[in-house]
*Asks:* 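Let me give you the structure first, and then I'll get to my questions.
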Amino acid sequence: MSEIPKANEPQSVESKWYDFWLKQECFTADPARVSATRPAYSIVIPPPNVTGVLTLGHVLNNTIQDILARKARMDGKEVLWLPGTDHAGIATQNVVEKTMKKAGEIKHRNDLGREALVAKIWDWKEKYGGIILQQLKALGASCDWTRTRFTMDPEYSRCVQKVFVDLYKKGLIYRGKRMVNWCPASLTALSDEEVTMKEQKGFMYHFKVEVAEVPGTFLTIATTRPETIPGDTAVAVNPKDPRYAHLIGKHIVRPLPVEVPREQKLIPIIGDDHVDFEFGTGVLKVTPAHDKADFEIGQRHQLPVVEVIEADGKMNALAGQDLNGLDRFAARKLAVEKLTELGSLEKQEPYTNNVGYSERADVPIEPRLSEQWFLKYPSVDASKKCVAGGEMKFFPDRWAKVYDHWMGGIQDWCISRQLWWGHRIPVWTAEFPSEEIAKQSEVLLRELGDKVTFHREGKKISAATAHDGTEHFFAMHGWHQDPDVLDTWFSSWLWPFATMGWTGDKDTDAKNPTLQAFYPTTDLVTGPDIIFFWVARMIMAGYEYMGDLPFRNVYFTGIIRDKQGRKMSKSLGNSPDPLDLIAKYGADALRFGVMRAAPLGQDILFDEQNVELGRNFCNKLWNACRFRQMQGGEAQGEIDVSKLRSDDKWILLKLHAAIKELDTAFAEYRFSDATATLYRFFYSEYCDWYVESCKAVLPRPATDAPSPSPLNGERAGVRGEDGQDAGAVENTPPHPGPLPPVGRGGEGEDARKAAAAANVVAVMDFVLSHTLRLFHPFVPFITEELWHGMGYATDMPDAQGGKSIMHAPWPKPFDTDFRDHYSLDDCYLEFVNAKFDLVSKGRNLRAEARIAANKKVKFIFKSDRDLPPNDIEVIKLLLNAETLEINPEYVPGKNVSSVKAEMGELYLPLEGHVDVAGETVRLAKELEKIVVEITKVEQKLANPSFAQKVPAEVLTEHRKRLEDWIAKRDHVQKAIDGLKE
RNA sequence: GGGCGAUUGGCGCAGUGGUAGCGCAGCAGCUUUACACGCUGUGGGUCGGGGGUUCGAAUCCCUCAUCGCCCA
């Protein structure tokens with residue numbers, strides 16, 4: 001048999017258990033198991049990009065979901081955590097196109113054509129599409145992988161089409177020529193949400209133009225975009241502006257393009273209320289083709305729309321021969337040069353403004369007039385109400401305001417994209433030779449009934465359909481399908497129900513067990529950056545198509561930043577690969593470290609130290625179990641109430657308190673509070689105090705005894721596929737014989753000691769078996785390993801932890817019966833706390849006297865009460881005392897250091913080598929602090945209105961506080977006097 | 001310009017009216033019945049500034065400042 005691993009070895013343990021969970025189908029949700037006593041719990045994963053790789057953001061987000069899912073399983077719920085990926089239109093098409101260009105396979109996507117490129121992307125998806133899901137497995141994510149969905153699965157695509165057709169039928173989807181956000185790099189329209197405003201340093205150019213009708217009169221125009229001058233079709237002033245109002249109706253000479261022969265175009269001066277007096281010079285150049293606000297002015301005044309910038313961001317012939325073919329930014333420079341040459345440019349000054357950038361391609365977007373599909377949002381009122389009314393809760397709740405504000409002012413959603421990868425718009429059009437023939441076709445279409453929705457404009461018919469047969473029909477009869485695809489979010493907004501097999505047919509859906517059991521979902525965990533993109537839209541789709549909200553709670557994570565507070569980015573190189581961290585520290589360590597650093601509603605400053613801390617924590621857990629295991633004895637023996645020591649009751653009460661705290665933390669989604677509780681309970685309460693106190697009872701290990709029973713993976717009872725405990729038969733049983741007799745007392749004494757030790761071990765088992773369960777959602781692998789290794793799984797029914805800790809019941813705070821039975825009275829908390837206060841103060845005395853921690857010394861304790869022998873033993877052990885003399889009559893002589901504790905006074909004779917000067921200084925300092933405190937309390941009590949107005953218990957508390965401080969002062973004073981003698 | 005959030009020891013955070021706390025880092029000591037990925041002890045903060053309410057303010061109100069996010 002191998003040596004005891006001194007440290008936890010996550011690498012082998014983690015993959016072993018993940019395989020086990022999969023084989024045992026632990027993550028598979030079965031709607032048939034849902035009942036009144038076994039409620040459903042569901043989460044749908046925010047689908048990562050199919051080409052994505054795991055980032056720390058995913059780690060945070062998915063760890064939270066896993067914690068919720070695992071906690072719900074332990075709460076006895078039927079859990080569905082539904083995973084999947086998103087086709088991510090622009091991002092994915094870009095990746096594949098770029099790769100092919102780099103490899104020299106194509107120069108442009110047109111080299112391949114639509115069908116071939118889409119086929120290539122599918123190949124790519126098949127090859128690399130699963131990567132991120134595999135990585136989630138390394139993290140321990142307990143998703144139901146049998147239900148993995150992709151937004152372009154055939155069934156899912158069918159949902160998208162159905163919804164499109166339905167909204168089209170309702171008149172909410174329409175096609176129109178509008179100003180849209182155009183991405184000149186990706187060559188597609190974008191929604192408003194895909195545009196991020198960035199501050200940009202540029203120039204404000206002031207140039208003058210002559211009024212044609214009044215030669216010699218000039219107007220000065222300020223602009224940041226002189227390259228668009230050739231597209232100007234008017235200049236506008238505010239009709240109330242006394243400087244310019246009289247010029248309305250006249251014309252100016254447009255300086256660009258420079259016409260050859262030189263006959264500059266004249267454009268009108270118009271009056272428009274929307275012109276801001278204050279901005280620039282108060283004269284606005286109007287470029288209807290290239291600016292949203294200008295377009296609206298143009299509409300109001302019937303101005304011509306002159307496009308001078310092409311889709312790819314290059315200037316065209318209408319911009320004049322100087323600018324023609326130049327990129328828009330190069331054109332800006334040249335336009336400035338031209339204005340200078342003409343003597344038109346008056347000045348240019350540095351200017352910072354906000355420019356919309358394409359979120360994907362990171363280039364400035366170009367407002368552009370184009371024909372696109374738009375959606376007028378459905379179910380807006382219900383969607384607003386459910387959040388405002390508290391039916392759906394946001395954590396932290398301030399996001400509810402942000403949501404409400406956005407919902408209050410939403411604009412129609414531009415849903416078409418000029419891409420090939422995605423859901424193609426299910427609309428076919430045909431232009432017929434004559435209106436007559438078109439009308440005949442209408443009759444044919446009408447025969448198709450519900451399957452098709454159409455409308456005719458003259459000779460042209462557009463028809464929308466989500467029906468297989470009709471698609472075929474259209475293809476056969478020479479109709480043309482709209483070339484555009486839908487915005488990716490137009491598919492992901494259906495995620496909560498489309499992933500569950502929604503069809504849109506009421507009868508079918510009513511018989512869909514998954515949908516019936518798991519919709520609405522319980523929790524959604526996502527980043528606030530997609531609150532509009534995704535969350536808000538899912539809510540609207542939920543109401544529109546399911547008649548109900550899609551989730552009850554939304555948890556918004558923070559953003560992961562580096563320890564300097566900068567966002568994680570590839571270019572900064574400050575984004576560690578989670579898989580490297582998992583390889584180095586283990587997934588449990590990464591999970592715990594990240595969760596501990598992630599308070600609700602705050603960004604997370606990531607530092608590898610967090611992960612290191614997580615690893616240390618797991619190691620501590622490992623070793624605490626190892627220590628228990630070294631004691632031998634039966635697993636989870638009976639606890640004999642009559643043998644419970646104060647320390648045993650104390651740790652049980654602390655466990656009870658920890659469970660209560662955890663319940664609160666979970667109810668409020670405060671995960672960092674939960675980890676803080678676990679950390680404190682386990683380190684400070686269990687390891688530092690309780691285990692140490694047990695050493696007063698546990699037998700000292702015989703030096704020549706064989707190695708204690710090992711706790712390692714081989715023995716940890718992984719079951720084979722047949723459900724049998726594969727390892728148990730041939731391996732040594734986990735628990736060796738009874739505790740060895742030790743000590744020199746008689747037979748009775750030995751038996752008594754052994755029984756006392758066995759009882760302490762039983763308490764340890766009780767606490768550890770609870771602790772492992774409390775930890776399991778956070779650190780699933782190590783807890784599963786220990787759960788089996790410690791033998792806690794053995795006596796449990798399969799469904800209650802016998803197979804896996806993930807099905808063990810989540811601990812409940814102890815009820816009155818339990819506490820009565822074990823006489824867990826709060827007085828034990830106070831008593832043991834006081835004991836530990838005494839120990840702390842005694843240890844401090846040792847340290848102040850510079851006595852090495854390993855040196856045994858004599859203490860005298862002047863106690864104000866009788867102490868049971870165990871408590872004396874514990875104090876003695878924890879003080880590392882050679883002897884602990886209990887003497888209520890003790891009068892200290894010279895060279896005795898002392899301290900007043902809650903329980904009484906503790907003395908440490910220093911046997912001659914006391915540093916009188918040093919000790920005097922120390923005590924003087926302490927006295928000083930005490931006096932400050934006394935003054936503070938005295939001042940408060942001396943205030944007449946204090947006594948009058950303060951609640952009685954506050955007054956009593958202050959008086960008691962004063963008494964305590966005075967007693968301490970007297971003690972210290974006595975000690976100082978003693979030193980002087 | 002509007003809204004939201006933050007500001008507490010070197011760092012990260014908790015603390016919503018009653019003695020300022022935790023973790024990390026620091027310092028000192030320690031192979032002590034598991035764990036040096038550990039143990040013990042310890043120093044360090046007038047709670048961003050100013051004003052107000054109150055017997056009493058990190059906490060409530062006003063105001064200013066700095067940083068961050070969202071919207072226009």
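Throughout, protein chains are lettered first and strands after them, A, B, ... in sequence-line order, and every chain is numbered starting at 1.
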*Asks:* Distance check needed: B/C13 P versus A/Ile604 CD1, whole Å only.
*Replies:* 9 Å

*Asks:* Salt bridge check, A/Lys968 against A/Asp964: does any charged N sit closer than 4.0 Å to a carboxylate O?
*Replies:* no

*Asks:* From the list B/C69, B/C4, B/U31, which nucleotide is the closest neighbour of the side chain of A/Asn854?
*Replies:* B/U31

*Asks:* Quick one: on RNA chain B, does A/Glu957 or A/Ser945 contact a more 5' nucleotide (nearest heavy atom)?
*Replies:*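 The residue whose closest nucleotide sits nearer the 5' end is A/Glu957.
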
*Asks:* How far apart are the closest heavy atoms of A/Phe556 and A/Pro396, and which atoms are they?
*Replies:*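 That would be O-CD, 3.9 Å.
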
*Asks:* Does B/C69 have a Watson-Crick or wobble partner in any strand here, with both distances under 3.5 angstrom, and which is it?
*Replies:*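 Its partner is B/G3 (Watson-Crick or G-U wobble, both distances under 3.5 Å).
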
*Asks:* Could you tell me if the side chain of A/Pro576 sits less than 4.5 Å from the side chain of A/Leu56, heavy atoms only?
*Replies:* yes

*Asks:* Checking contacts here: which listed nucleotide (B/C30, B/G5, B/U40) is nearest the side-chain heavy atoms of A/Arg398?
*Replies:*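 For A/Arg398, the side-chain atoms sit closest to B/G5.
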
*Asks:* Need the pair for B/G43. Rule: Watson-Crick or G-U wobble, both distances under 3.5 Å, any strand; none if unpaired.
*Replies:*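 Its partner: none found.
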
*Asks:* Let me know the distance between CD1 of A/Ile559 and C1' of B/G5, rounded to the nearest Å.
*Replies:*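 Checked: the CD1 to C1' distance equals 12 Å.
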
*Asks:* In terms of side-chain heavy atoms of A/Val950, which of B/G41, B/A34, B/G18 is nearest?
*Replies:* B/G18

*Asks:* Determine which nucleotide pairs with B/A20, using a 3.5 Å limit on both distances of a Watson-Crick or G-U wobble pair.
*Replies:* none

*Asks:* With a 4.0 Å cut-off on heavy atoms, is A/Trp965 in touch with a base, just the backbone sugar-phosphate, or nothing at all?
*Replies:*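 Answer is base: heavy atoms of A/Trp965 come under 4.0 Å of a base.
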
*Asks:* Nearest to the A/Asp688 side chain among B/C24, B/U40, B/A14, which nucleotide is it?
*Replies:* B/U40

*Asks:* Which is true for A/Arg846 with a 4.0 Å heavy-atom rule: it touches a base, it touches only sugar-phosphate, or it touches nothing?
*Replies:* nothing

*Asks:* Is A/Ile531 touching bases, backbone alone, or none of the nucleic acid, heavy atoms closer than 4.0 Å?
*Replies:*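 Here A/Ile531 touches no strand at all.
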
*Asks:* Does a side-chain N or O from A/Arg596 land closer than 4.0 Å to OP1 or OP2 of B/A14, or not?
*Replies:* no

*Asks:* NA contact type, A/Tyr679, heavy-atom cut-off 4.0 Å: base, sugar-phosphate, or nothing?
*Replies:* sugar-phosphate

*Asks:* Does A/Glu692 make a side-chain donor-acceptor contact with the base of B/A34, cut-off 3.5 Å?
*Replies:*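 When only heavy-atom distances are counted, A/Glu692 does reach the base of B/A34 through a donor-acceptor pair under 3.5 Å.
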
*Asks:* Identify which nucleotide among B/C70, B/C39, B/C30 has an atom closest to any side-chain atom of A/Val402, counting heavy atoms from C-beta outward.
*Replies:* B/C70

*Asks:* Side chain of A/Lys620, base of B/C35: donor and acceptor closer than 3.5 Å?
*Replies:* yes

*Asks:* Which value, in whole Å, describes the distance between the C1' atoms of nucleotides B/G44 and B/C61?
*Replies:* 33 Å

*Asks:* Expressed in angstrom and rounded to an integer, what is the separation of A/Arg850 atom CZ from B/C27 atom C1'?
*Replies:*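 Atom-to-atom, A/Arg850 to B/C27, this comes out as 11 Å.
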
*Asks:* How is A/Ser840 classified with respect to the nucleic acid when contacts are heavy atoms under 4.0 Å: base, sugar-phosphate, or nothing?
*Replies:* sugar-phosphate

*Asks:* Check every atom of B/U19, B/C39, B/U40 against the side chain of A/Arg843 and return the nucleotide holding the closest atom.
*Replies:* B/U40

*Asks:* Quick check: on RNA chain B, is the nucleotide nearest A/Lys925 upstream (toward 5') of the one nearest A/Val697, or the reverse? Name the residue that is more 5'.
*Replies:* A/Val697

*Asks:* Between B/U54 and B/U59, how far apart are the two C1' atoms, rounded to whole Å?
*Replies:*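 Each nucleotide's C1' atom is 13 Å from the other's.
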
*Asks:* Between B/C4, B/C24, B/G18, spot the one nearest the side chain of A/Arg961, thanks.
*Replies:* B/G18

*Asks:* Mind checking the P distance from B/A58 to B/G52? Whole angstroms is fine.
*Replies:*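 Going atom to atom, P in each nucleotide, I get 15 Å.
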
*Asks:* Expressed as a whole number of angstroms, how long is the span from A/Asp607:CG to B/C13:C1'?
*Replies:* 14 Å

*Asks:* When you compare B/A34 with B/A25, how far apart are their P atoms, in angstrom units rounded to a whole number?
*Replies:*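 To the nearest whole Å, 23 Å.
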
*Asks:* Nearest 0.5 Å, what's the CZ-CZ distance between A/Phe671 and A/Phe395?
*Replies:* 9.5 Å

*Asks:* Taking atom P in both B/A57 and B/G38, compute the distance separating them and give it to the nearest angstrom.
*Replies:*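 Those two atoms are separated by 42 Å.
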
*Asks:* Grab the CE-P distance between A/Met630 and B/A34 for me, whole Å please.
*Replies:* 6 Å

*Asks:* Going by the ring pair (Phe, Tyr, Trp, His ring centres under 6.0 Å) test, name the single residue among A/Phe533, A/Phe532, A/Trp413 that passes it with A/Trp489.
*Replies:*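 Checked A/Phe533, A/Phe532, A/Trp413 against A/Trp489; only one passes ring pair (Phe, Tyr, Trp, His ring centres under 6.0 Å): A/Phe533.
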
*Asks:* How far, in whole Å, is B/C22 from B/A14 if one measures between their P atoms?
*Replies:*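 B/A14 and B/C22 have their P atoms separated by 16 Å.
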
*Asks:* Using a heavy-atom cut-off of under 4.0 Å over every strand shown, decide if A/Ala696 touches base, sugar-phosphate, or nothing.
*Replies:*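 Base contact.
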
*Asks:* Under the 3.5 angstrom rule, does the side chain of A/Ser684 hit a backbone N or O of A/Phe681 as a donor-acceptor pair?
*Replies:*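 Absent.
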
*Asks:* Please determine, for the side chain of A/Gln609, which listed nucleotide (B/C24, B/A34, B/G68) has the closest atom?
*Replies:* B/C24

*Asks:* Report the distance from atom CG of A/Asn943 to atom C1' of B/A57, rounded to the nearest whole Å.
*Replies:*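 Taking atom C1' of B/A57 as the reference, CG of A/Asn943 is at 15 Å.
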
*Asks:* Between B/G48 and B/A6, how many Å separate the two P atoms, rounded to a whole number?
*Replies:*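 Between the two P atoms, the distance is 12 Å.
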
*Asks:* Among B/A28, B/G12, B/U42, find the nucleotide with the atom closest to the side chain of A/Asn844.
*Replies:* B/U42

*Asks:* Which nucleotide in the set B/C37, B/A14, B/A34 lies at the smallest distance from any side-chain heavy atom of A/Phe627?
*Replies:*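 Nearest to the side-chain atoms of A/Phe627, counting from C-beta on, is B/A34.
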
*Asks:* Distance between the C1' atoms of B/C13 and B/G5, in whole angstroms?
*Replies:* 15 Å

*Asks:* Can we say A/Glu938 and A/Arg961 salt-bridge, meaning some charged N sits less than 4.0 Å from an Asp/Glu carboxylate O?
*Replies:* no

*Asks:* Please give, in whole Å, the distance from B/G12 C1' to A/Leu605 CG?
*Replies:*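 Rounded to whole Å, this separation is 7 Å.
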
*Asks:* Does A/Lys936 make a side-chain N or O approach to OP1 or OP2 of B/A20 shorter than 4.0 Å?
*Replies:*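 Result: yes.
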
*Asks:* Using a 4.0 Å heavy-atom cut-off across all strands, classify A/Pro528 as base, sugar-phosphate, or nothing.
*Replies:* nothing

*Asks:* For B/C35, which nucleotide is its Watson-Crick or G-U wobble mate, given both distances must be under 3.5 Å?
*Replies:*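 Partner of B/C35: none found under 3.5 Å.
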
*Asks:* With under 30° as parallel and over 60° as perpendicular, where do the rings of A/Phe666 and A/Phe778 fit, or are they tilted in between?
*Replies:* tilted

*Asks:* Is it true that A/Asp397 and A/Lys393 make a salt bridge, defined as a side-chain N closer than 4.0 Å to a carboxylate O?
*Replies:* no

*Asks:* A/Glu608 has an atom CD; how far is it from atom C1' of B/G12, in whole Å?
*Replies:* 17 Å

